[in-house]
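Predicted, not measured: the structure shown is a model, and the values here were computed from it. So that the names make sense, note that chain A is the first sequence line, chain B the second, and so on, each numbered from 1.
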Amino acid sequence: MSDNLFQEDNISVADRLAAEALIVDVDGYEGPLDVLLTLSRTQKVDLRKISVLELARQYLVFVEKAKLLRIELAADYLVMAAWLAFLKSRLLLPPDPTEEGPTGEELAAHLAFQLERLQAMRDAAARLMARDRLGRDFFARGQAEDITRIKTVTYTATLLDLMQGYARIRTRDEFRPFTMDRDSIFTMEEALDRMRGLIGFSGGWTEMASYLPDGWTSDPMKRRSATASTFAASLELVKEGHLDIRQTESFAPIQLRKKDSST
Amino acid sequence: MQEAEPNTESLFEAPPMGEQERMIEAVLFASAEPVTVRELEARMPHGCDAAEALAHLRKRYDGRGVQVVKVGDAWAIRTAADLGFLMQKETVETRKLSRAAIETLAIIAYHQPVTRAEIEEIRGVSVSRGTVDQLLEMEWIRFGRRRMTPGRPVTFVVTPEFLDQFGLESARDLPGLKELRAAGLLENRLPPGVEPATENDEDDDMNKDGQPELFED
Amino acid sequence: MQEAEPNTESLFEAPPMGEQERMIEAVLFASAEPVTVRELEARMPHGCDAAEALAHLRKRYDGRGVQVVKVGDAWAIRTAADLGFLMQKETVETRKLSRAAIETLAIIAYHQPVTRAEIEEIRGVSVSRGTVDQLLEMEWIRFGRRRMTPGRPVTFVVTPEFLDQFGLESARDLPGLKELRAAGLLENRLPPGVEPATENDEDDDMNKDGQPELFED
């Protein structure tokens with residue numbers, strides 16, 4: 001029974017027609033989410049009550065049909081198809097307790113949320129554009145007045161001018177390399193030398209920050225340079241097989257440990 | 001007459017409220033752009049209460065052919081929307097926005113401040129450079145504060161020009177905003193299984209002068 | 001859409017006088033030129049009496065901050081003459097900042113705090129005193145702390161007025177190089193070997209350390 005659902009033989013005529021209509025116009029769609037939203041309308045229910053399983057099936061029909069018609073679908077359509085096939089199997093098979101990660105229901109709920117949110121934004125955009133507009137429905141002063149001509153010159157520039165100005169200079173730099181003279185640079189070579197000497201003594205996990213050389217931790221410029229080169233040196237040592245490195249989450253301290261040769 | 005010495009006069013007393021109302025009426029009529037209360041008071045004699053005078057003026061124009069409207073924290077006079085049919089001569093041909101640009105604009109308005117990645121997550125497709133450029137150029141959106149998440153992405157917000165264009169007093173008056181929020185559709189809900197990015201507000205690697213490392217490349 | 005009806009409707013009856021007054025008010029407000037009675041009637045629904053509505057409107061604005069005035073044989077809304085002193089700001093002339101000033105400002109914004117010598121090194125040309133003075137006078141930049149290096153040169157930083165002007169909440173919100181590139185602003189590559197346009201921002205009384213006497217107060 002459930003096997004049947006994986007076969008594409010039992011496609012209803014209505015599904016085929018719907019899929020073909022989509023394919024003819026595939027260029028007119030803005031990606032897989034847009035197609036899913038269009039397909040979901042055939043269910044004729046509130047988006048909150050949509051059957052994601054049914055939707056996944058419809059989408060897979062659509063992709064299958066495109067293949068039959070030898071229509072090149074962009075990669076993101078195929079990625080969505082693979083993901084929906086995975087979701088479908090998760091929804092149909094009993095949950096495997098050993099498997100980690102979100103359940104099929106959670107994934108389905110999120111997809112339904114995405115569709116509802118996209119639809120809501122489209123509705124909102126339509127309501128926004130339907131509002132009375134300046135210069136179309138209501139109007140500003142047609143003739144700003146100039147009674148007393150007291151001329152004061154002010155100079156203006158826009159953010160775009162500023163960015164373009166900066167871009168102009170930096171683009172020039174690509175051909176006339178610019179280097180600031182900086183004395184607060186701790187090179188990676190220096191860091192590597194230092195680390196090689198130190199890692200032999202450490203047993204457990206130690207924060208990388210504790211490897212920074214003395215006198216390089218208070219001045220932010222120096223600390224930044226020392227941190228960057230120590231981190232680069234650590235990666236090099238990991239690559240060479242001397243060190244383990246870990247970070248529990250974004251912005252958490254980076255920790256190092258001498259690689260235990262017994263494990 | 002008296003106005004020749006508004007400065008010396010004002011040392012003693014602010015003009016009567018009716019007079020303040022006239023002044024605001026004149027300034028708002030003369031200007032095509034919205035004028036802030038601060039700008040109004042800077043132009044008026046010392047001691048004037050532009051906010052109160054504005055409230056009176058607004059009431060006076062209630063139901064008339066022109067209206068005193070609020071745009072962000074500024075004020076402007078605009079013709080009543082129901083008389084738009086008289087103005088064919090003044091209508092300016094507005095540039096047609098693409099569907100992508102309209103949706104992007106709506107997402108920025110309803111979700112602001114919002115990053116490019118978030119816009120793409122909501123629309124399900126990547127946002128083309130031209131779309132954002134067009135909206136920036138029209139001055140309907142601008143860069144907002146950087147998001148304090150990895151990569152420190154810039155955010156986009158809508159501008160007072162946007163509010164003026166659509167006759168909104170503030171972004172809180174966007175149509176359907178409350179309902180969308182109540183339905184949870186303005187939340188930035190991550191797909192299940194994805195760790196939320198930490199909102200790490202202060203970054204030690206930033207020196208005192210606000211120079212993020214981004215600018216050092 | 002609305003235009004369709006008034007014509008058929010008006011075959012029977014002109015809008016009430018109050019409504020005609022509103023129409024004239026809106027048209028006079030929005031049009032760039034004074035409008036004649038004939039033009040007014042051509043725009044209004046059939047059967048309107050623009051002259052009578054104008055007389056009412058004129059009376060309504062009597063003594064207000066703006067007046068309905070006759071210009072030749074046409075009509076316009078103008079600020080009351082006694083309030084002219086409020087309009088001075090309307091005639092501010094704005095000019096684009098020079099390229100040298102924009103580049104200097106951009107460098108200060110992206111690299112602050114930055115010394116004059118560093119600005120010159122980045123721009124590749126000397127920075128004229130006039131440029132810096134202009135930016136200081138506009139209150140877009142100010143002096144920062146002195147750099148603790150030989151000569152103790154002063155540094156420049158941008159001001160809150162600058163952030164306000166450019167709609168930024170902090171200097172950190174300036175788009176980074178990567179974003180400039182994404183926005184297509186870094187594409188204007190000069191072919192290798194081509195000298196950038198020479199700007200002789202000469203400044204002779206400046207010594208090598210970028211310490212003109214200006215800053216030696």
ask   = Does CZ belonging to Arg38(B) count more than 12 external heavy atoms closer than 6.0 Å?
value =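 For Arg38(B), atom CZ is not crowded (no more than 12 foreign heavy atoms under 6.0 Å).
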inquiry  = For Leu174(B), which atoms come within 4.5 Å of any heavy atom of chain A: side chain, backbone, both, or neither?
reply    =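 The side chain, not the backbone.
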key: Residue part contacting chain A, namely of Glu137(B), when any heavy atom lies under 4.5 Å   =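 For Glu137(B), there is no contact with chain A at all, as no heavy atom is under 4.5 Å.
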inquiry  = Let's test your reading of the structure: which of Glu116(A), Gln114(A), Glu106(A), Met80(A) forms the most heavy-atom pairs below 4.5 Å with chain B?
reply    =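 Maximum pair count with chain B is reached by Glu116(A).
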request  = Specify which of Ala109(A), Ala124(A), Gly31(A), Ala120(A) makes the most heavy-atom pairs with chain B at under 4.5 Å.
outcome  =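 The answer is Ala124(A).
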ask   = Measuring heavy-atom distances to chain B, does Arg131(A) have an atom under 4.5 Å in its side chain, in its backbone, in both, or in neither?
value =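 The answer is the side chain of Arg131(A).
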Nearest 0.5 Å please: distance from the [atom1] atom of [X] over to the [atom2] atom of [Y].
| X | Y | atom1 | atom2 | value |
| --- | --- | --- | --- | --- |
| Phe251(A) | Thr149(B) | CZ | OG1 | 7.5 Å |
| Arg78(B) | Asp137(A) | CZ | CG | 13.0 Å |
| Phe166(B) | Asp132(A) | CZ | CG | 11.5 Å |
| Ile122(B) | Leu33(A) | CD1 | CG | 10.5 Å |

ask   = Among Leu185(B), Leu180(B), Ile119(B), which one satisfies side-chain contact (heavy atoms from CB on, under 4.5 Å) with Met121(A)?
value =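 Testing each of Leu185(B), Leu180(B), Ile119(B) against Met121(A), the sole residue satisfying side-chain contact (heavy atoms from CB on, under 4.5 Å) is Leu180(B).
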ask   = If you tally heavy-atom pairs under 4.5 Å against chain A, which of Thr104(B), Leu105(B), Leu136(B), Ile107(B) wins?
value =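 Of the options given, most contacts go to Ile107(B).
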ask   = For the candidates Glu33(B), Arg142(B), Glu103(B), which exhibits the highest count of non-hydrogen atom pairs separated by less than 4.5 Å from chain A?
value =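 Going by pairs under 4.5 Å, I would pick Glu103(B).
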task = Not counting sequence neighbours, which residues clear side chain to side chain contact (heavy atoms under 4.5 Å, CB included) with Arg181(B)? List them please.
result =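 Checked Arg181(B) against side chain to side chain contact (heavy atoms under 4.5 Å, CB included); matches are Leu177(B), Leu186(B).
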ask   = Got a sec, which residues hit side chain to side chain contact (heavy atoms under 4.5 Å, CB included) with Glu139(B), two or more places apart in sequence or on another chain?
value =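 Checked Glu139(B) against side chain to side chain contact (heavy atoms under 4.5 Å, CB included); matches are Glu161(B).
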key: Minimum heavy-atom distance Leu118(A)-Arg123(B), with the two atoms named   =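 Closest approach of Leu118(A) to Arg123(B), heavy atoms only: CD1-CA, 3.9 Å.
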Residues of residues 66-76 of chain B within contact distance of chain A, non-hydrogen under 4.5 Å =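 Within residues 66-76 of chain B, no residue comes under 4.5 Å from chain A.
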ask   = Glu179(B): what forms a salt bridge (charged side-chain N to carboxylate O under 4.0 Å, His left out) with it, not counting sequence neighbours?
value =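 By the salt bridge (charged side-chain N to carboxylate O under 4.0 Å, His left out) rule, Glu179(B) matches no residue at all.
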inquiry  = Any non-hydrogen side-chain atom of Leu128(A) less than 4.5 Å from a side-chain atom of Phe162(B)?
reply    =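 Touching, per the 4.5 Å side-chain cut-off.
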inquiry  = Strictly below 4.0 Å, N to O, side chains only: are Asp34(A) and Arg99(B) in salt-bridge contact?
reply    =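 The answer is yes: the pair qualifies as a salt bridge.
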inquiry  = Test your reading of the model: is there a side-chain donor-acceptor pair from Arg141(A) to the backbone of Ala30(B), 3.5 Å cut-off?
reply    =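 Checking the backbone N and O of Ala30(B) against the side chain of Arg141(A), no donor-acceptor pair under 3.5 Å is found.
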